[in-house]
Amino acid sequence: MNLGRRSLRRKLTVVLILVSTAVLALASLGFAVNDWNNMRSTIFDRMGAQAAIISGNSVSALLFNDTESARRTLATLENDQEIVAAMLFDAQGEPFASHMRQGQALSLELPPRERGDFRGYLYVNKPVVFDGEQLGRVVLLFEPKQWDALQRERLSIVSVLFLVSVLVAVGLASLSQRFVTAPILQLAKTARGITRTRNYRLRAQCSTSDEIGELADDFNAMLDEIEQRDRELQQAQSELEAKVSERTTELLELTRQFEHQAFHDALTGLPNRMTFDRDLERSIAIARRTGHQLAVMFLDLDRFKAINDTLGHAIGDRLLVQLAKRLSGLLRETDTLARLGGDEFAVLLVETTPDAAAEVAGKLIQAINQPVEIDGYSLRVTTSLGISVCPDDSQDAGTLLKNADTAMYFSKDVGRNRFSFYAKEMNARSERRLMLEGKLRNVVAEQRLQVYYQPKYDAMSGSIAGVEALVRWFDEHEGSISPEEFIPLAEDCGLVGEIDEFVTWRACQDLMSLAAGGRPALTLAVNFSPAHFIHRGLHERIEFTLNSTGFPGELLEVEVTEAVVASEEAHLHEYLNQIRGLGVRLAIDDFGIAYSSLSRLKQLPINTLKIDRSFIRDIGDDSDDEVIVRTIIDMAHNLNLKVVAEGVETQAQLDFIRRHGCDQVQGYLFSKPMSIDQLKALLEAEIEVPI
């Protein structure tokens with residue numbers, strides 16, 4: 001175009017048009033390019049913000065391998081129609097969870113870069129980081145169709161604006177720039193500020209209501225959602241931290257409890273065998289360096305099993321707890337009291353002497369002897385205690401404890417309720433006890449014990465009224481072993497119940513053999529230990545014995561110790577009535593030594609009282625015993641009970657009890673215990689004892 005011939009106005013017009021056109025063209029092109037870049041950047045920023053939210057919400061799912069929670073987190077993008085897929089990969093790049101728009105089927109692949117194009121979609125690839133460690137990556141795919149359409153629409157608008165702008169000159173271009181470009185740049189600036197500062201409280205400022213205003217509104221709405229998710233994430237993080245702290249506290253407490261249980265007795269809370277052995281080893285090492293002495297005590301409650309069997313293990317356990325507290329109060333903080341198991345306790349006294357150990361042992365025995373009140377029962381127990389001293393007896397922990405145990409058994413053997421210091425000669429007694437226990441188990445299992453019978457005589461006529469079955473042990477090497485030695489051993493090792501049942505069965509069978517020969521029927525008395533008697537179902541075993549042997553129930557008399565009757569065991573009345581229901585008679589053996597009350601005797605279905613031999617023995621020498629015997633006879637007859645005096649050995653004793661109306665007698669004055677053959681011969685001779 002030749003402008004030289006044109007007027008200045010035209011030139012200016014042409015120049016203005018050319019300049020305006022060029023400027024507008026460049027501005028339009030620049031706007032289009034900038035808009036494209038800004039829109040693309042905005043989309044990536046938006047997707048990046050969404051991916052960041054998903055990343056934060058997916059931390060706990062990846063930490064705890066909770067794929068279901070991860071899917072629910074990804075599904076929160078369901079309402080965003082432009083997001084076609086959301087995928088979560090673990091630290092190894094393997095798919096962990098995904099969410100696809102309905103109808104979409106995409107392969108789960110991890111893109112190589114943090115943003116870009118993927119199979120016609122835009123994507124962002126954000127890491128999932130917790131505490132500086134990358135747990136995985138979040139990938140979001142964006143549908144660009146709507147974005148492309150928007151770009152085409154905007155290009156058309158730009159073209160129209162360009163044509164119009166050519167006509168309206170540069171002023172409209174400037175106005176267009178101010179009303180179109182400035183808000184977009186402001187929006188982009190806001191987005192960059194949020195990306196840089198992560199301050200989701202920033203908002204785009206736009207007062208227009210056109211597409212840019214809608215975009216700004218959508219952008220601000222997205223920021224509202226991001227801010228809400230950020231608050232939720234912070235709250236979830238706080239709750240997670242609180243939960244982790246709470247769980248850590250629980251684990252520490254659980255660890256402390258496990259450690260306490262590993263080294264302490266669960267019932268009494270005292271140190272256990274492991275702790276005692278550890279303390280003993282440590283104390284021996286210190287004693288070697290310092291030259292001090294230490295003492296080990298082994299305690300065992302005398303006949304504690306009878307309490308468990310008569311009153312139940314719950315009462316026995318509470319008794320152990322009370323005694324443990326009582327004993328703990330008598331020891332120094334430097335000493336150790338441990339429960340080794342059952343009713344066995346051990347005491348470690350450091351920096352002590354034999355005299356000081358003896359003084360402590362006396363206090364322990366005295367403390368245990370004091371009654372313990374439990375559920376209305378006044379329980380009295382005794383203890384047998386053994387003491388070994390380091391270094392005199394040994395400097396080995398295991399040997400010291402073994403020696404104390406040996407001394408404890410010596411205390412039991414010589415009468416119980418006392419303490420003994422270890423002496424080397426005690427090993428023989430301990431070895432004998434172990435040897436006898438092994439033999440006794442074999443003898444009981446093979447039923448090689450023998451049953452002897454001591455006749456009971458009518459105090460008036462002198463005729464044989466019945467027999468009492470007594471167990472005897474004849475060893476092939478030692479000969480006769482005293483019941484006073486093996487019966488307590490049987491009680492300690494739990495064999496006395498089997499012995500009672502064997503004696504009952506054999507005695508019933510023997511007396512039935514006498515009856516088969518035409519001999520007159522005799523009553524049979526069999527003693528049952530407390531441990532066996534209180535067991536539920538005893539009447540069923542007695543009934544089985546009667547049925548299997550054919551022995552009449554009305555001729556059988558079951559003897560129980562007075563301690564059983566005085567125990568006030570809750571089900572005692574029921575047990576006794578079950579036995580009486582078989583026709584079996586019931587007798588109280590060793591009466592007078594356990595302080596059973598008259599009201600108790602009236603309540604129970606008892607038929608016979610057997611006066612303890614300790615009262616019979618001193619008749620003629622002790623007026624108090626004579627009063628006791630006379631009172632027992634009168635009391636029993638007033639209660640319609642039969643009275644048997646056992647242990648009668650002199651004529652003076654017989655005259656006294658006969659004079660006061662005793663019904664039956666037994667003892668060495670008349671006959672010693674005898675075998676079934678000797679009893680048969682005695683019956684055949686039909687000898688009456690002159691009274």
Side-chain angles (χ1 to χ4, degrees), residues 256-284 294-309 311-350 352 357 360-374 377 379-388 390 397-412 416-420 422 491-494:
R256 188 193 64 77
Q257 292 178 3
F258 284 156
E259 182 178 0
H260 185 273
Q261 292 173 2
F263 294 100
H264 292 80
D265 175 54
L267 176 64
T268 62
L270 294 177
N272 59 13
R273 177 65 177 266
M274 183 184 302
T275 304
F276 186 83
D277 290 345
R278 181 193 62 193
D279 291 352
L280 180 56
E281 292 279 3
R282 183 183 304 155
S283 299
I284 291 175
L294 62 85
V296 174
M297 298 181 180
F298 200 105
L299 294 80
D300 183 271
L301 300 183
D302 298 327
R303 298 187 177 93
F304 177 75
K305 188 174 185 300
I307 293 178
N308 275 340
D309 290 334
L311 301 181
H313 287 275
I315 296 294
D317 288 346
R318 291 171 63 183
L319 174 61
L320 291 175
V321 172
Q322 293 296 324
L323 292 179
K325 293 180 180 178
R326 187 179 292 176
L327 296 180
S328 298
L330 299 176
L331 300 175
R332 300 169 297 178
E333 292 184 0
T334 54
D335 300 329
T336 300
L337 171 64
R339 182 185 178 216
L340 304 186
D343 61 330
E344 294 179 343
F345 295 86
V347 177
L348 170 61
L349 302 179
V350 298
T352 189
V360 173
K363 292 180 179 179
L364 297 179
I365 292 175
Q366 184 178 5
I368 291 177
N369 286 345
Q370 299 303 313
V372 179
E373 301 292 335
I374 300 178
Y377 297 105
L379 304 179
R380 289 179 177 268
V381 293
T382 61
T383 184
S384 298
L385 190 150
I387 308 172
S388 62
C390 174
T399 304
L400 278 172
L401 192 60
K402 174 180 174 295
N403 290 343
D405 186 29
T406 299
M408 181 273 293
Y409 276 111
F410 179 83
S411 296
K412 282 185 177 293
R416 304 174 187 262
N417 194 29
R418 65 190 64 200
F419 69 87
S420 302
Y422 169 76
E491 291 177 345
D492 289 341
C493 59

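Below, all heavy atoms of this structure are taken into account, side chains as well, without hydrogens, waters or symmetry copies. Just so we're clear, the structure is a prediction, and the values are computed from it rather than from any experiment.
- Each of N403, L340, I387 was compared with F298 under the side chain to side chain contact (heavy atoms under 4.5 Å, CB included) criterion, and only L340 meets it.
- Checking N272 against T275 by side-chain atom types alone, a donor-acceptor pair falls below 3.5 Å.
- Checked against D279 for a side chain to side chain contact (heavy atoms under 4.5 Å, CB included), the options T336, V350, T334, I284 give a single hit: T336.
- Remark: side-chain polar atoms of R339 are paired, donor with acceptor, to backbone N or O of G342 under 3.5 angstrom.
- Taking 4.5 Å as the limit, every side-chain heavy atom of D265 sits out of range of all side-chain heavy atoms of R273.
- When each of L385, L323, N369, L337 is checked for a side chain to side chain contact (heavy atoms under 4.5 Å, CB included) with L364, only L385 meets the rule.
- A donor-acceptor distance shorter than 3.5 angstrom exists from the side chain of S411 to the backbone of S420, with no hydrogens or angles considered.
- By the 4.5 Å heavy-atom criterion applied to side chains, T382 and L301 are not counted as neighbours.
- S388 places a side-chain N or O within donor-acceptor distance of the main-chain N or O of L400, the cut-off being under 3.5 Å.
- When atom types are taken as modelled, the side chain of T383 and the backbone of I365 share no donor-acceptor pair closer than 3.5 angstrom.
- Going from atom CD of Q322 over to atom CG of L327 covers 11.5 Å, rounded to the nearest 0.5 Å.
- For the residue pair S384/D302, the side-chain donor-acceptor check at 3.5 Å is satisfied.
- Atom CD of Q366 has 12 or fewer neighbouring heavy atoms from other residues, nucleotides or ligands inside a 6.0 Å radius.
- R278 contributes no side-chain N or O that, together with a main-chain N or O of F276, makes up a donor-acceptor pair within less than 3.5 Å.
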Would you check, one step at a time, whether the test side chain to side chain contact (heavy atoms under 4.5 Å, CB included) holds for L349 with L294?
-> CA-CA 6 Å; L349 302 179; L294 62 85; over 6 Å; no
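- Salt bridge absent: K402 and D405 never bring a charged side-chain N and a carboxylate O closer than 4.0 Å.
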